[in-house]
Amino acid sequence: MRLVTVLATVWCLPSGARAVDPLYQPQMERLAEIMGSLYFLEPLCKAGGADWRAQMEALIAADEPDEDRRQRLAGAFNSGYTSFARLYEVCTDSASEALTRLLAEAEKTARDIHSRYAE
């Protein structure tokens, strides 16, 4: 019976689908987007901050995603970067507030992923 369920599931997948995303994939993509935003905003508003690109690379390496997931995570990072690059050329009160909020959201999201899904 389990084999029938597995085969039915595979049969219903869109062509080209090879793997099932982990349950935390949406949170990882959001975290990647936030990290991309921070990669743009932090140097703009606060010199000497974290290297968010290096941290994103380390996160991807630790997660060991397949190529599709890796591309989606990198795309989310780039999307976060370009979203803020379109809005700001200098640090404004709004950019500084966004930086503060994004740092808090990144911390919360990373903690949530770890507490729910870490082995």
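Below, each value reflects all heavy atoms present in this structure, side chains not excepted, and no hydrogens, waters or symmetry copies.
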Would you compute the distance between atom NZ of Lys108 and atom CD1 of Ile34 and round it to the nearest 0.5 angstrom?
10.0 Å
What I'd like to find out is whether the side chain of Leu73 reaches to under 4.5 Å of the side chain of Leu59, using heavy atoms alone.
no
Pair listing, side-chain hydrogen bond (donor to acceptor under 3.5 Å, both in side chains) test, anchored in residues 80-92, at least two apart
Tyr88-Ser94
Drop me the distance from Leu41's CG to Cys91's SG, to the nearest 0.5 angstrom.
8.0 Å
State, yes or no, whether a side-chain contact exists between Ile60 and Met56 at a heavy-atom distance under 4.5 Å.
yes
Rounded to the nearest 0.5 angstrom, the CG-CG distance for Asp68 and Asp21 is 7.0 Å
Inter-residue atom distance Met28.CE - Met35.CE, 0.5 Å rounding:
8.5 Å
Grab the two heavy atoms, one from Leu103 and one from Glu42, that are nearest each other, plus how far apart they are.
CD2-OE2, 4.1 Å
Distance from Asp112 atom CG to Glu107 atom CD, nearest 0.5 Å?
10.5 Å
Check whether Ser115 reaches the backbone of Arg111 with its side chain - one donor and one acceptor, N or O, closer than 3.5 Å.
yes
Applied to residues 28-38, the side-chain hydrogen bond (donor to acceptor under 3.5 Å, both in side chains) test, sequence neighbours excluded, yields Gln25-Glu29, Glu29-Arg72, Arg30-Glu33, Arg30-Glu105
Same cluster (ILVMFWY, side-chain, under 4.5 Å), Ile113 and Leu23:
yes
When rounded to the nearest 0.5 Å, the distance separating CG of Leu38 from CZ of Phe77 is 9.0 Å
For residues 53-63, pull every pair meeting side-chain hydrogen bond (donor to acceptor under 3.5 Å, both in side chains), keeping only residues two or more places apart or in separate chains.
Tyr24-Asp63, Asp63-Arg69
